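Since the structure comes first, as structure tokens, the remarks are kept for the end.
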There are 2 protein chains.
Amino acid sequence: MGEKSKVTIYDLAQKLGTTASTVSRALQDNPRISLKTREAVKQLARELNYIPDPIAHHLRTGKGNVLGIVVPRIDRNFFATIISAFQAVAQKSGYQLIIAQSNENADEEAAAVRALVQKKVDGIAISLSVNSQNVDYPELCSAHNIPIVFFDRTPSDFQNYDTVTNDNFQIGYDAVLQLYKRGCRKIGHFSGPMTQRSYIDRYRGFRKALEDLHLDYHQEWIIPGITEATGYDAALRILQMNERPDGIFSAGDFSAITAMDTFMKKGLSIPRDIAIIGVANEPLDAYLATPLSSFNLHRHQIGEMTASILISRIKGDDDNQELEQPSHIIVKHELILRDSSI
Amino acid sequence: MGEKSKVTIYDLAQKLGTTASTVSRALQDNPRISLKTREAVKQLARELNYIPDPIAHHLRTGKGNVLGIVVPRIDRNFFATIISAFQAVAQKSGYQLIIAQSNENADEEAAAVRALVQKKVDGIAISLSVNSQNVDYPELCSAHNIPIVFFDRTPSDFQNYDTVTNDNFQIGYDAVLQLYKRGCRKIGHFSGPMTQRSYIDRYRGFRKALEDLHLDYHQEWIIPGITEATGYDAALRILQMNERPDGIFSAGDFSAITAMDTFMKKGLSIPRDIAIIGVANEPLDAYLATPLSSFNLHRHQIGEMTASILISRIKGDDDNQELEQPSHIIVKHELILRDSSI
DNA sequence: AATAATTTCACAAAAAGTTGCACAAAGATT
DNA sequence: AATCTTTGTGCAACTTTTTGTGAAATTATT
């Protein structure tokens, strides 16, 4: 039924010989309107295919049923999966989703958050870009009474805010433990940008495990700044070392994959010469030339938890907002063992 | 700095001893307001950190600077990349993006489109779910004066609407051609759902190439309904055939990858026994056990073109909307040759 | 039957901006 | 000096919905 569009409560009121206010209340099941009238209104609304105008509604009530989510990059599988899960939960609760990407850029990120605040979204979920550390988003948001939840990449003063993360310390620890179990004694690390807590924690877990296992720590075996595809360079550096590591914990899968590729092209055997464990469990890890051991971070859970915390903050907004403690959800990880470290 | 929030044009007007209308016009650089006044208004607006309320603006003008995009699944790399590119262009033109996913479900898709229309987005980009064919979105949208552009997955009567696609016929054709060049003479096909034009076209291109090259067409070698990970079953079926194909054009990478994996585990050699070419050029194709030949579909271009067509439709809305011919943008593809078909 | 209590609904204001029209002041023309 | 333009502002209406208040209609009480 392609209605002409534009059916307002005034149209309904006119046809019923009543007023807009009555129609509005009737549609809200306001007990001040008689049941008879309520039914008549709803009946007509259905017939005329009436849709309340969300813009006007938003203007009057200040609630728009829209959530905002900001990620470094939409096209990274990790974030796309989280968004997907987040969106599913949001949709179930009647929220639309506005997605913004920061392109790993602090300025674009700030602009995105501001735009969302300006748009008066009901809540914001955000994963910080690598070089955003001390951000003022929580203040900005709380000034406008908009709940904010951080996931995966959190600010340094994360204790004060709601967060959903993995136990990155334990991930680092577990990686070393597994490499140790298979016989590695000289373990190196491809580390992510040390501006981000998640990468710092992975590194610290790695260090702690070395310590607990009484393994040597070689500064040289820590190759920092692994972003996307710098695994190639890292591998070359390792090949030139006098004493090479025999196991590597890479803070990301992509660098692990390109490093493995390079090692193999240079004649090394994985995992015999060097064992490798990555993080993220990218979709095709299982089908690689050497299937890559990696940590499943249960992204779906991250997305779902983030959405449900955010929504519950929105709902319970009036009650006890200031009093509540921030929640810090830790989503469990799972080491998927494949040839690269067996 | 952190204003209390809520500064309206009325506040500005009051402080300046003028009225809201003058402030509104001054901020819009309306020439009917003297330069002096304009400057004074803008100056004060800056000082008070005034932000125009987009909701009120939208209510009055009907334009909200928001675009909607609907995809089957956000977490498929193909769509995520397109969204990413789309978003970049939209952002540059000052548009926010609302993203919805249909989960390959026609009902959810319809609900999403309706929600976007209701929210009065300025334009909609959509890639249909596999089983949406005859959809009424264009009518719905044009009734509400919202431009709509289809990308990748288009409706069957696509001629009437703006579309951005690849030349799927040619992709099918080129795949066969390449397999032929490397010596394959018994070429099979993993086909996608035949409800979608893109897959139909790939199949038709495949058929036409067989014909032009005077190759046999074996019904048995066409394995239909490849969605995500059914490559395993397809491979098993092929292994049981009396006469096996020696080359396969798979309409998607994932099925090609799992099929390759299965073949190899059963002792066949790729490409010696069977050569394979996929479609989509997934991120890790190059690092697979056997690197997979695949078609780069230039997703970034798809996203960018879709956004710019949509935006130009929005802008040129008043002028000649009905008169304009729909545009059908074809984004070029590129066969990336890797071991699986060399 | 008259007053009180309750129910039902209409009016108008409010949310924050935009815009057509009218009107005043200044400048130009005769 | 009187009339006509031009320029700059203000008033009020408009977008659609929600909601406080108060009036009318209905029912109950004595």
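This one's a predicted model, so the numbers in the text were calculated from it and none came from an experiment. Note on naming: letters A, B, ... go to the chains in the order of the sequence lines (proteins, then strands), and numbering restarts at 1 for each one.
Pairs passing the salt bridge (Lys or Arg N to Asp or Glu O under 4.0 Å) check and including a residue from residues 124-140 of chain A, sequence neighbours excluded, read A:Arg114-A:Asp136.
A 4.5 Å side-chain heavy-atom check between B:Asn134 and B:Pro155 finds every atom pair outside the cut-off.
Considering all non-hydrogen atoms of both residues, B:Leu116 and B:Ile69 come closest at CD1-N, 4.4 Å.
A:Leu16 places its CG atom 15 Å from the C1' atom of C:dT8, with the value rounded to the nearest Å. Taking atom CD on B:Gln28 and atom C1' on C:dG20, their separation rounds to 14 Å, with Å as the unit. B:Asp11 has its CG atom 9 Å from the P atom of C:dA16, to the nearest Å. A:Ile55 has its CD1 atom 15 Å from the P atom of C:dT18, to the nearest Å. For the pair A:Arg38 CZ and C:dC9 P, the interatomic distance rounds to 10 Å; values are reported in whole Å.
Annotation: the terminal axes of the helix from C:dA1-D:dT30 to C:dT30-D:dA1 meet at 60°, where each axis is the rotation carrying the C1' atoms of four end pairs onto the next four (5 pairs per end, rounded to 10°).
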**Stepwise salt bridge (charged side-chain N to carboxylate O under 4.0 Å, His left out) test for B:Asp152 and B:Arg299** = CA-CA 10 Å; B:Asp152 188 52; B:Arg299 309 142 174 211; over 6 Å; no

**Request:** Check the pair A:Glu47, A:Lys15 against salt bridge (charged side-chain N to carboxylate O under 4.0 Å, His left out), reporting the backbone distance first and the verdict last.
**Result:** CA-CA 12 Å; A:Glu47 277 172 22; A:Lys15 286 208 204 284; over 6 Å; no

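A cation-pi geometry, defined here as NZ or CZ lying under 6.0 Å from the six-membered ring centre and within 45° of its normal, holds between A:Arg197 and A:Phe158.
A tilted orientation is assigned to the rings of B:Phe150 and B:Tyr161, their planes being inclined by 30° to 60°.
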**Request:** Give the B/S/- string for nucleotides 6-16 of chain D, one per nucleotide from 5' to 3', where a protein heavy atom under 4.0 Å of the base yields B, of only the sugar-phosphate yields S, and otherwise -.
**Result:** --BBBB-BBBB

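Checked against A:Leu12 for a side-chain contact (heavy atoms from CB on, under 4.5 Å), the options A:Thr22, A:Leu44, A:Thr18 give a single hit: A:Leu44.
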